[in-house]
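Report on one structure; see the data block that follows.
In each ligand, atom 1 is the first atom listed, and ligand 1 is the first ligand listed.
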Amino acid sequence: MNPPLELTVMMYHYVRAPGDVAEGGTGIPGLPVREFDAQLDELSGRHTFVTWPQVRAALQDEQPLPPSACLLTFDDGVRDHYLNVFRILRDRNLSGLFFIMDRHESKGLVLGHKIHFLLAKVGVHRLREVIWVGLNSEERQRFIEAESKYKLKYAPVSVGGQIDLLKYVLQRDMSTLAEPLLGELFELYIGCQDRIAQDYYLTTEQIHEMSAGGMYFGGHSRSHPWFDWIDAGAREAEIRASAACLREIEPGPWAFAYPYGGLSDDSPGLLNKHGFAAAFTTRPQVRHSDPYFIGRLDGEELSQIGDRYA
Ligand SMILES: [Zn+2]
C-alpha cells in the first residue's frame, strides 16, 4: 500500500450492562452500553465514520477515504451486537463491521468463551485449581512448563495478570486438552453448553436483519484458535470455513479479524486465496502499510476499565 492507509479502526467485544439481556446473568463484564454511546459521541466529534465497503474501495480501487476516517468493528458474533450495538448504530445512522465465527459445525461455545463463563463463575484461583485436579502427572508437567514460559510475559502479580496467564496456557499449549476438560467443568458449574451457546451467539435471522439494516460481516475463523499456534493446514481450514459462512450473508471480498490477534506470515496469502481483501489485527496503529495487517484500537482500553475479557 503506497501511501499507507490512514484509518482509525475501533475494536469492540462485549457491549452490555450488568443484568441486561446480553449479559444474561453470566456475570461476564463488557464495555458498558452507556460508555459505548459516549465513545461514539466523542469519536464523531473527531472523526468521519466510514463503512467497510468504503474501506474496501480505498484498498482495492484507491478511492480516497475522508480525512480522519473511523471504522467501527466488533469481534466474536456475540448477541450483544444485535441486542445493544445494532440498535445504537441504527439510531445514529452508522454502520459497523462484525467479525463472526462460522457456526456451522459446532453448536457449543469456543474455548475462549467457555473460559469467560468459568472465570466469571468461580474466579481465576478456583478455576486453576479445578483444572489442575483434572490433569494427570504428565499433563501437570506441561501445564507448569507453559506457565513458566508465559510468566515472563504476564507477571501474575495482579488478578488481571493471573487471568491472562491462565488464558494463554489454556488457549495455546493446553488447548487440545482444555477443550474437553473445560467442557466438563462448564456442564458442572454453568449448565448445558449447547443451550447456552444458542443464546450467546448471533442467530442467522439476526445476522440477516443486521445486514438488511446496513451492517457488514467479516470472518473470524471457525474455532477461534491462535493462528501462530496451529499449522498451515489448520489455518487454511479455518479461513475456508469463514469464507463459506460469509458467502451466505453478503458478497465479497470480505474482511477478516485474526482470533486473539494471533499472526502468521502465510495468512495474507491464504486469506487472499479464499476471497478476503483485508485483515485486522489487535495492534494499536492508525497508519497501515499492509491491507492484511490493519491495526485497531481497543474501545475497552480507551474507556480505562481494562481488557480482561477480550
Ligand atoms: Zn475473537
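Aromatic ring centres of Y168 and W226: separated by under 6.0 Å.
If you count the protein N, O or S atoms nearer to the Zn ion (ligand 1) than 2.8 Å, you get 3.
Between the side chains of Y12 and D80, no donor-acceptor pair of N or O atoms lies under 3.5 Å.
Checked options H224, H81, R296; the residue passing with D75 is R296 (criterion: side-chain hydrogen bond (donor to acceptor under 3.5 Å, both in side chains)).
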Legend entry - Candidate pair K149 and E145, rule salt bridge (Lys or Arg N to Asp or Glu O under 4.0 Å), full reasoning: CA-CA 6 Å; K149 184 169 62 178; E145 281 168 15; over 6 Å; no

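In this pair, F99 and H220 present their aromatic rings tilted. The plane angle is within the 30 to 60° band.
Checked against side-chain contact (heavy atoms from CB on, under 4.5 Å), R195 has the following partners two or more places apart in sequence or in another chain: C192.
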